[in-house]
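Just so you know, ligand 1 is whichever comes first in the structure, and atom 1 is the first atom listed for that ligand. Along the sequence shown, residues are numbered consecutively beginning with 1.
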Amino acid sequence: MKQGRADAIEQLIQLPEKQAGDFTHTAQVAARLACEQLGAETASIWRFSDDQSALLPVCRHQMAGQTIVDAPIHTDAAPDYFSHLYQHRFLRADVARLHPATKAFAPSYLVPNGIHAMLDAGIRINGHLEGVICVESLRPRQWSAEDAHWVGQLADQLALALATQHQSSQANQLDLFRHAMEQSSQRLVIVDADSLVIRYVNQAYVRLAGGRVEDYIDKPVKHLMMFQQNPEHAQLALEEVQERGFCRGEAQVVTPKGVVRWIDFRANRVVTENNQAYLVLYSDDITAEREHKAELENLAWRCALTGLYNRAYFLKRLTECKPVAVLLLDLDGFKAFNDLHGHAVGDRVLKEIARRLRHGAERLGAALTARIGADEFVVQFDVPPQQELKALALGLKARIDSPVQVGGRSYQVSLSLAGVCFDLLGDQVDPMAALDLAMERAKHTGKVQLFDHALRERFCEQVQIQQDLRKALVRKEFELHYQPLVELESGRVRGAEALLRWRHPQQGQLGPARFIEIAEDSGAIEPIGRWVLETALYQLHLWQRRWPNLQMHVNVSAKQLLGGELYEICWNQLNRYRLTPGTLILEITETSLLEEIQVVSRLCNQLGELGIVLAIDDFGTGYSSMRYLQRLPVRKLKIDRSFVMDLEHSRENREIVPAIIAMGQALDLVVTAEGVETAEQHEFLKACGCDMVQGFLYGRPVDVHQFEAQYLRVTEPA
Ligand code: C2E
Ligand code: MG
Ligand code: MG
């Protein structure tokens, strides 16, 4: 070998950059040396891409004036060239455009760049082809074996530089990984997947689980904290990751210091190049998140006063898991209790009741206790209770019923209890509606009431009525009946009360008691009420042609009063028919007056200005105060039938009725007694000076034709 070439190799061997594994710099020096020593115009160095699909240019040394631009060479673009490289140490192509291994480069590379001859050598590490050095000449050449051998030596030095680079980068990477793992706040454990022996634990793991790293290494997986504390859960997770390659979960652990932590763990199965499988387990401490979440849930799902679950939570659970039974407890008259003793006492009582209830419910194996309204509580059972529900409810009631001590005083609160077994509900019955219905009954009877077959039947009937009500107006199934109102002194008919009847296609004629409340609850009362007013006023208009002073009483429900349409309907109808002022009487019940006294009193005044008279219906059954009566433009008062009915037998009623009449007259109100059925009642009322009477004694409610025939023609009223 020429001395220059040997020196050149030596120079490359000693090159500090080569020793440090700087492949690019080494390649630049090698390319230059190749050109110089072989008298070639250009030399370039290439490396395989990671996937071995292409050669990528690393550098090129070229004579001044030359501008060869390199692009990646894909292996499938020149298969002969690559197969030659794989099989031989060198490629000597003296006439490159004709050589079988290089002629593929002719059109796009050799000819345009004027290249005649090529001498290439593969750069190999452990026999594996990593790159290539290419020496090219613009003149025809005959490369000697010595030339080729020398280029091979260059390639060997390049391979050494590359190997050093690999090694140092691998070492760096390992170092990086080791530090990252050691210092990670995530807990990391690596377990041999076959022997289930622990191979690695990091510092974070040891900090949580206690002990030293050495205490774990090479020990069976059962030494891990999770296996010690939650063996079943851990075993399941282990099986899952072995089977599916991944698993994830949350678990509670107790540290050696006795602190409870929540961890979120994940496990992956990994397989190394030499086919060894490991399980990599890592976990995060999520205690803070869990606590925060629990706190938020507490705020969202708990009642702040009693600490019980709230209505929203109860309803959510009700839809999520079907309970077996639910009890509903409602304190009796708690609003009045609050008014009487103040909210502070009320709250203390509620808290105490809640405490007793929770305690009692827990003993009975209830799944949940919640406060779902101001004075309403529920107890839910997800598994059948030990006792029969009724007996259980009675027991619970007895536990809670005893007096509550607040600030040295004792308060007795009574409560009503209703219950429902979900077996009986089927699909159509909403559990809350069933409970409400049973509660309504419980309040009425004062006994513990379960939702039973009778209530179920009633419920279904009500649902049916509700559905049928929607169609009743369109199908013209409603009808008004009229009952005479008689002046007691003269015995003459002064007017009529319009009473609604429904000719139900299946059930025959239904009275308002069967459907008015349902109509109020479902909102159907507004259109029905409008129809009643329009029909009654049209009838009054017809009658007033002959009997101009005849009066018409129309019942108005609370929902209509608050609904907002009433004034407009009255105004329209009165204008249309030009009725005699003071002959339309709207009957409203005491309870509807109380509901929103501001709104109602404004509306009543406006109605009064239209010449409409207001009457209080069923007087004595509600709680109307004299103050309201004075504030509202009420001109009539109807004593409820319950007082009249009992006149013969009840001394109390014989005192109340004259008192109401006296009071009414003192306030300048016209007093009517409802439900007069007997001559004795008639005489009694007459003696008290009652103004008007209404009842079966004078006439039952009848349809329009009968009313005309029986009461208008005969008596020729007004
Ligand atoms: P109300 O306004 O107190 O009507 C009097 C009720 O007592 C009527 O029952 C009537 O038939 C009945 N009655 C009259 N005299 C006697 C009697 O001597 N003995 C007995 N036992 N009963 C008598 P009805 O028609 O079943 O109406 C019941 C309630 O339904 C009415 O009580 C009223 O509050 C309501 N109502 C009736 N029609 C309407 C309506 O168009 N709209 C609204 N919102 N409610 C109505
Ligand atoms: Mg009435
Ligand atoms: Mg009445």
Side-chain angles (χ1 to χ4, degrees), residues 469 472-473 477-486 488 493 495-503 509-540 551-563 565-566 569-570 584-593 595 613-622 624 634 636-648 660 670-682 685 690 692-703 706-707 711:
L469 263 179
L473 263 183
E477 290 168 359
F478 289 120
E479 188 181 357
L480 287 184
H481 279 196
Y482 300 93
Q483 185 177 28
L485 279 137
V486 177
L488 189 52
V493 172
E497 175 170 5
L499 294 162
L500 185 58
R501 300 290 177 261
W502 179 10
R503 274 177 280 102
Q509 180 170 288
L510 299 182
R514 290 284 301 278
F515 62 88
I516 284 286
E517 218 180 290
I518 300 171
E520 283 183 336
D521 290 344
S522 68
I525 193 68
E526 290 225 22
I528 295 174
R530 171 188 280 266
W531 178 88
V532 169
L533 260 170
E534 287 173 354
T535 311
L537 289 185
Y538 175 65
Q539 191 56 55
L540 184 61
Q551 298 173 354
M552 179 68 84
H553 286 235
V554 179
N555 294 286
V556 173
S557 89
K559 290 273 155 57
Q560 275 175 284
L561 275 183
L562 299 169
E565 274 195 347
L566 188 64
I569 302 171
C570 291
L584 169 60
I585 295 103
L586 295 184
E587 295 192 2
I588 49 190
T589 57
E590 289 173 281
T591 10
S592 59
L593 287 177
E595 268 186 28
V613 174
L614 294 180
I616 302 228
D617 203 355
D618 306 342
F619 186 82
T621 54
S624 48
V634 173
K636 288 190 157 188
L637 192 149
K638 296 179 78 174
I639 305 175
D640 190 64
R641 186 159 58 87
S642 56
F643 298 101
V644 178
M645 189 167 73
D646 256 7
L647 270 179
E648 288 97 328
I660 298 177
V670 175
V671 181
T672 306
E674 294 184 294
V676 183
E677 293 186 2
T678 66
E680 288 83 357
Q681 291 163 357
H682 172 90
L685 292 164
C690 185
M692 306 272 298
V693 279
Q694 179 182 2
F696 293 171
L697 185 65
Y698 317 99
R700 292 182 175 256
V702 288
D703 69 23
Q706 285 176 295
F707 190 83
Y711 307 114

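- Between Thr672 and Phe619, every side-chain heavy-atom pair lies at or beyond the 4.5 Å cut-off.
- By the 6.0 Å contact criterion, CZ on Arg700 is open, its count of non-hydrogen atoms from other residues, nucleotides or ligands being 12 or less.
- Heavy atoms of Asp617 found under 4.0 angstrom from ligand 1 belong exclusively to the side chain.
- Checked by distance only, ligand 1 and Phe696 come closer than 3.5 Å through their nitrogen or oxygen atoms.
- Distance check on atom 32 (O) of ligand 1: every protein heavy atom falls at or beyond the 4.0 Å cut-off.
- The nearest protein atom to atom 38 (N) of ligand 1, hydrogens excluded, is given as Leu500 N, 3.2 Å; this is a heavy-atom distance.
- Ranking protein heavy atoms by distance to atom 37 (C) of ligand 1, first place goes to Pro512 CG, 3.4 Å.
- Within ligand 1, counting atoms from 1 as listed, the ones closer than 4.0 Å to a heavy atom of Ser557 are 44 (N).
- Numbered from 1 in the order shown, with element, the atoms of ligand 1 that lie under 4.0 Å from a heavy atom of Val532 read 41 (O).
- Between Gly511 and ligand 1 there is no heavy-atom distance shorter than 4.0 Å.
- Side-chain contact between Leu586 and Leu566 is present, with heavy atoms from C-beta onward closer than 4.5 Å.
- Within the model, atoms CD of Glu587 and CG of Leu499 stand 8.0 Å from one another, a figure rounded to the nearest 0.5 Å.
- Residue contacts with ligand 1 for Gln483 involve side-chain atoms from C-beta outward but no N, CA, C or O (heavy atoms, distance under 4.0 Å).
- The shortest separation from a heavy atom of Ala513 to ligand 1 is not under 4.0 Å, leaving the residue out of contact.
- Separation of atoms CG (Leu500) and CG (Leu510) is listed at 10.0 Å; rounding is to 0.5 Å.
- Atom-to-atom distance recorded for Leu647:CG and Leu685:CG is 6.0 Å, nearest 0.5 angstrom.
- At a heavy-atom cutoff of 4.0 Å, ligand 1 is contacted by the side chain of Glu674 but not by its backbone.
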Take Phe707 and Leu480, measure what side chain to side chain contact (heavy atoms under 4.5 Å, CB included) needs, and give me the verdict at the end. CA-CA 11 Å; Phe707 190 83; Leu480 287 184; over 6 Å; no

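- Residue contacts with ligand 1 for Glu587 involve side-chain atoms from C-beta outward but no N, CA, C or O (heavy atoms, distance under 4.0 Å).
- Residue contacts with ligand 1 for Arg501 involve side-chain atoms from C-beta outward but no N, CA, C or O (heavy atoms, distance under 4.0 Å).
- The proximity of Asp640 to ligand 1, defined as any non-hydrogen pair under 4.0 Å, does not occur for either the backbone or the side chain.
- For atom 42 (N) of ligand 1, the nearest protein heavy atom (residue, atom name, distance) is Asn555 O, 3.4 Å.
- Nearest protein heavy-atom contact of atom 10 (C) of ligand 1 is Leu499 CD1, 3.8 Å.
- Inside a 4.0 Å radius of atom 12 (C) of ligand 1 there is not any protein heavy atom.
- Contacts with ligand 1 closer than 4.0 Å are made by side-chain heavy atoms of Arg641 only, the backbone lying farther away.
- Contact of the Asp617 side chain with the Glu674 side chain is registered, since non-hydrogen atoms from C-beta on lie closer than 4.5 Å.
- Asp640 lies apart from the Mg ion (ligand 3) in this respect, since none of its N, O or S atoms is found at a distance under 2.8 Å.
- Using modelled atom types, one side-chain atom of Gln483 and one backbone atom of Gly699 make a donor-acceptor pair closer than 3.5 Å.
- Trp502 and Phe515 have perpendicular rings, their planes meeting at more than 60° on a 0 to 90° scale where under 30° would count as parallel.
- Using a 4.0 Å cut-off between heavy atoms, Glu497 contacts ligand 1 through its side chain alone, with no backbone atom that close.
- Between the Mg ion (ligand 2) and Glu587 there is an N/O/S contact shorter than 2.8 Å.
- Of all the heavy atoms of Pro701, the ones lying under 4.0 Å from any atom of ligand 1 belong exclusively to the side chain.
- Between the Mg ion (ligand 3) and the N, O or S atoms of Asp618, the shortest distance is to OD1.
- Lys559 has no carboxylate O lying under 4.0 Å from a charged side-chain N of Glu520, or vice versa, which leaves the two without a salt bridge.
- Gln560 places a side-chain N or O within donor-acceptor distance of the main-chain N or O of Ser557, the cut-off being under 3.5 Å.
- At the top of the distance list for atom 19 (N) of ligand 1, counting protein heavy atoms only, stands Glu677 OE2, 2.5 Å.
- Shown here, atom 6 (C) of ligand 1 is out of close reach of the protein: none of its heavy atoms lies under 4.0 Å off.
- Expressed to the nearest 10°, the angle at the Mg ion (ligand 2) joining OD2 in Asp617 with OE2 in Glu497 is 180°.
- Remark: ligand 1 atoms within the under-4.0 Å shell around heavy atoms of Asp618 are 3 (O).
- Closest non-hydrogen pair, Ala498 versus Met552, comes out as CB-SD, 4.1 Å.
- From Lys638, atom NZ reaches atom CG of Leu485 across 5.5 Å, with rounding to the nearest 0.5 Å.
- More than 12 heavy atoms of other residues, nucleotides or ligands sit less than 6.0 Å from atom CD of Glu648.
- Atom OH of residue Tyr711 and atom OH of residue Tyr698 lie 12.5 Å apart, to the nearest 0.5 angstrom.
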